[in-house]
Amino acid sequence: MTTLPCLSCRRPRRTGQYLCRACWFKIPGPSRSALNLRDSRAMARLRELHTQLTAGVPLTEIQVTP
Ligand SMILES: [Zn+2]
């Protein structure tokens with residue numbers, strides 16, 4: 001099974017998830033639900049997440065467009 005690094009803490013995460021469990025549950029509920037959607041905007045949301053992580057936004061303040 002392939003493991004990829006968590007986008008936030010760089011520890012291994014499961015394939016198909018952006019973050020490890022510990023980091024994932026720090027993200028606000030609405031942002032988590034939005035990131036769980038796999039529609040045409042999924043890549044745009046991932047980019048939003050990525051941009052904020054790169055900018056040093058705390059996990060508890062991550063906001064993505066639903
Ligand atoms: Zn993590």
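Atoms within each ligand, like the ligands themselves, are counted from 1 in listed order. Just so it is clear, the values below take in all heavy atoms, side chains as well, and ignore hydrogens, waters and symmetry mates.
Excluding waters, the count of protein N/O/S atoms less than 2.8 Å from the Zn ion (ligand 1) comes to 4.
Looking only at side-chain heavy atoms (C-beta outward), R32 and W24 come within less than 4.5 Å of each other. Looking only at side-chain heavy atoms (C-beta outward), L19 and R13 stay at 4.5 Å or farther from each other. Within the 4.5 Å cutoff, side-chain heavy atoms of L49 are placed close to those of L35.
When the salt bridge (Lys or Arg N to Asp or Glu O under 4.0 Å) test is applied to R41, the partners found at least two apart in sequence or on another chain are E48.
Listed for the S8 side chain is no donor-acceptor partner under 3.5 Å among the backbone atoms of C23.
Hydrophobic cluster membership is shared by I27 and L46, with clusters built from Ile, Leu, Val, Met, Phe, Trp and Tyr side chains linked at under 4.5 angstrom.
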